[in-house]
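Just follow the structure's listing: the first ligand is 1, and inside any ligand the first atom is 1.
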Amino acid sequence: MAFRVSQLAVGGFDHNFSYLVVADNRDALLVDPTGDVEVIRRAVEEAMPLTPRYILLTHGHLDHTQALGEALCFFPAEIASHPSHPDAGRIRLRNRQQLPFGDAAVEALFTPGHSRDSVCYRLTDDSALFTGDVLFIGCVGFCRSKEMFQSLQDVILPLSDRLTVYSGHDYGPIPSRALGEEKRLNPYLNCHSLEEFKLQLQHLD
Ligand SMILES: [Fe+2]
């Protein structure tokens, strides 16, 4: 296995998830360090030795960056995000930019809708997709309907069924699921027009 993904239930504002990903060559990255920083610290310590490469931010909402400053103390890595993210660091990503990671890469997919700076991150071996508040298991995040519909249709749906979806909150019936299953079961991925999508959004609570 090329990458090991740890899904960390960090509490936070609302059942948040942070993630630690470690590659075979010990390259490591964090996604959205937030909530209980001790949970993240423990996961990092248990995975040692590792080389902190990136901290990937999915978007600028405070509930996804709460532990960023503390995480940088024990995980000194470059911050990568959409250029307009309020905590943007040295790596200001372009859409579809790939960052070398392990023996593959991580690809930034711009997916506006929940926020203008929303980015999903794909491990290019198609093992994992980190979706922040764009896509939850069985649901989507609050959004501007037109942008979100476009992002789902043009960016998310064409991706490989094999990807495991890892979202920013534990809102679904299970904590993660294959994108192929999401395409089958998530009603927001089964809308064939913007009008249909807007009607479906009325069920969002
Ligand atoms: Fe958010």
Side-chain angles (χ1 to χ4, degrees), residues 5-21 29-37 39-40 54-72 79-89 91-93 95 106-122 128-157 159 163-177 179 182 186-189 191 197-198 200-205:
V5 177
S6 301
Q7 184 175 44
L8 308 173
V10 290
F13 282 46
D14 196 9
H15 302 281
N16 281 80
F17 284 130
S18 297
Y19 295 91
L20 170 67
V21 185
L29 64 80
L30 289 176
V31 182
D32 283 357
T34 193
D36 184 353
V37 73
V39 173
I40 304 172
Y54 312 111
I55 296 180
L56 307 178
L57 304 178
T58 61
H59 64 300
H61 291 165
L62 188 62
D63 63 320
H64 290 255
T65 56
Q66 224 185 353
L68 178 59
E70 287 164 290
L72 279 167
I79 297 170
S81 72
H82 191 281
S84 64
H85 190 293
D87 293 305
I91 305 176
R92 291 160 189 253
L93 295 160
N95 191 21
V106 56
E107 182 182 36
L109 301 167
F110 284 15
T111 42
H114 173 69
S115 64
R116 289 216 163 81
D117 62 358
S118 286
V119 182
C120 293
Y121 295 96
R122 180 181 74 94
L129 180 68
F130 301 94
T131 57
D133 287 359
V134 173
L135 185 65
F136 300 128
I137 304 306
C139 198
V140 292
F142 285 108
C143 57
R144 288 191 305 277
S145 54
K146 191 161 178 256
E147 285 95 328
M148 183 65 111
F149 182 66
Q150 216 92 62
S151 289
L152 296 176
Q153 292 292 316
D154 299 349
V155 184
I156 300 294
L157 281 170
L159 297 175
L163 287 156
T164 300
V165 175
Y166 292 110
S167 71
H169 295 269
D170 190 6
Y171 286 163
I174 51 174
S176 64
R177 192 153 68 188
L179 184 57
E182 265 332 280
N186 187 325
Y188 297 88
L189 292 178
C191 297
F197 186 65
K198 283 179 176 168
Q200 185 62 43
L201 283 174
Q202 292 174 3
H203 297 102
L204 216 57
D205 55 23

Mind telling me whether Phe149 and Phe197 have parallel, tilted or perpendicular rings, with 30° and 60° as the class edges?
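It falls in the tilted class, 30° to 60°.
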
Tyr171: side-chain contact (heavy atoms from CB on, under 4.5 Å) partners, not counting sequence neighbours
Asp14, Phe136, His169

Does Gln66 have any side-chain contact (heavy atoms from CB on, under 4.5 Å) partners at least two apart in sequence or in another chain, and if so, which?
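Scan of Gln66 (side-chain contact (heavy atoms from CB on, under 4.5 Å), adjacent residues dropped) gives Phe13, Thr34.
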
Would you tell me whether Asp133 and His61 have side-chain atoms, one donor and one acceptor, within less than 3.5 Å of each other?
no

With a cut-off of 2.8 Å, how many protein N, O or S atoms neighbour the Fe ion (ligand 1)?
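For the Fe ion (ligand 1), the figure is 4.
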
Within a radius of less than 6.0 Å around CZ of Arg116, do more than 12 heavy atoms belonging to other residues, nucleotides or ligands occur?
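No, because the 6.0 Å sphere around CZ of Arg116 holds 12 heavy atoms or fewer from other groups.
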
Taken in chain and number order and not counting sequence neighbours, the residues that satisfy ring pair (Phe, Tyr, Trp, His ring centres under 6.0 Å) with His85 are none

